[in-house]
Amino acid sequence: MDVTPLVPEGVQIIHGYGDGAFRIAQVVHQGPVLVMPEMTVPWAVEVGTALDPFDLATLEPILSADRRFDILLIGTGPKQVFVPPAVRQAIRDRGPVAEMMDTGAACRTFNVLLTEGRRVAAALLPVG
């Protein structure tokens, strides 16, 4: 029996993370990334300062009007960190619900939601 989740055609999954990098759709990306079903781009934040102060402009590839995501997973590194409620509301005002979790959980959740056909994106800080 094949228990591998079915990945919709044309989308990318997160295959791994660690040592400051991510392997997404079999391509290695160093540093923070913004992951969408069809592409991954660098996230223009400095590790250690990405969440304080939180700059919504860095999320523009995800929040732009031509993209519609229901959920934005924010991988906050090795531990879960919460962004201020006003920032969460500002993200919500642009469309998606923001969910903060450690980066490992965000990677796994992204893959699960993607295989379910959900409109999900992730902003991921590296681990290690």
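The chain is numbered in sequence order, starting from 1.
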Please round to the nearest 0.5 Å and tell me the distance separating atom [atom1] of [X] and atom [atom2] of [Y].
X	Y	atom1	atom2	value
Arg94	Arg68	CZ	CZ	9.0 Å
Thr115	Leu113	OG1	CG	7.5 Å
Glu99	Ile74	CD	CD1	9.0 Å
Leu72	Leu59	CG	CG	6.0 Å
Cys107	His15	SG	NE2	11.5 Å

| message | Are Pro96 and Leu63 packed together at the side-chain level, in the sense that at least one heavy-atom pair is separated by less than 4.5 angstrom? | response |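 With C-beta onward as the side chain, the pair touches.
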| said: Just so I know, are the side chains of Pro42 and Pro32 near enough to count as touching, which here means a heavy-atom distance under 4.5 Å? | reply: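 They are not in side-chain contact.
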Quick check: does any side chain N or O of [X] sit under 3.5 Å from a backbone N or O of [Y], one acting as donor and the other as acceptor?
X	Y	result
Gln12	Gln26	no
Arg119	Asp70	no
Asn111	Ile13	no
Gln80	Met100	yes

| Hey, mind stepping through Leu124 and Trp43 against side chain to side chain contact (heavy atoms under 4.5 Å, CB included) and telling me if it holds? | CA-CA 8 Å; Leu124 304 172; Trp43 185 12; 5.7 Å; no
Mind listing the closest non-hydrogen atom pair of [X] and [Y] along with its distance?
X	Y	result
Leu125	Gly77	CB-N, 3.9 Å
Pro78	Asp102	O-CB, 3.8 Å
Pro61	Met36	O-SD, 3.7 Å
Ala122	Phe110	CB-CD1, 4.0 Å
Thr76	Lys79	OG1-O, 2.6 Å
Thr58	Ala44	CG2-O, 3.4 Å

| side chain to side chain contact (heavy atoms under 4.5 Å, CB included) between Thr109 and Ile71: does it pass, once the steps are laid out? | CA-CA 11 Å; Thr109 303; Ile71 302 167; over 6 Å; no
| message | Quick check on the hydrophobic clustering: are Phe82 and Ile91 connected, directly or via other members, by side-chain heavy-atom contacts under 4.5 Å? | response |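 As far as the 4.5 Å side-chain criterion goes, Ile91 and Phe82 are connected within one cluster.
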| Cluster check Leu56, Val45: I/L/V/M/F/W/Y, side chain < 4.5 angstrom |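 Shared cluster, yes.
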| message | Using the rule given for side chain to side chain contact (heavy atoms under 4.5 Å, CB included), can you reason through Arg108 versus Val112, listing the C-alpha separation, both sets of side-chain angles and the distance that settles it, and then say yes or no? | response | CA-CA 6 Å; Arg108 292 185 298 275; Val112 168; 5.6 Å; no
| With a cut-off of 6.0 Å (strictly less than), are more than 12 heavy atoms of other residues, nucleotides or ligands near CG of Asp19? |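 No, the 6.0 Å shell around CG holds no more than 12 heavy atoms from other groups.
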| Partner of Phe22 by side-chain contact (heavy atoms from CB on, under 4.5 Å), out of Val27, Thr103, Thr40, Val28 |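 Of the listed residues Val27, Thr103, Thr40, Val28, the side-chain contact (heavy atoms from CB on, under 4.5 Å) partner of Phe22 is Thr103.
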| query | Quick one: side-chain hydrogen bond (donor to acceptor under 3.5 Å, both in side chains) partners of Arg118, sequence neighbours excluded? | reply |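 Partners of Arg118 under the side-chain hydrogen bond (donor to acceptor under 3.5 Å, both in side chains) test: none.
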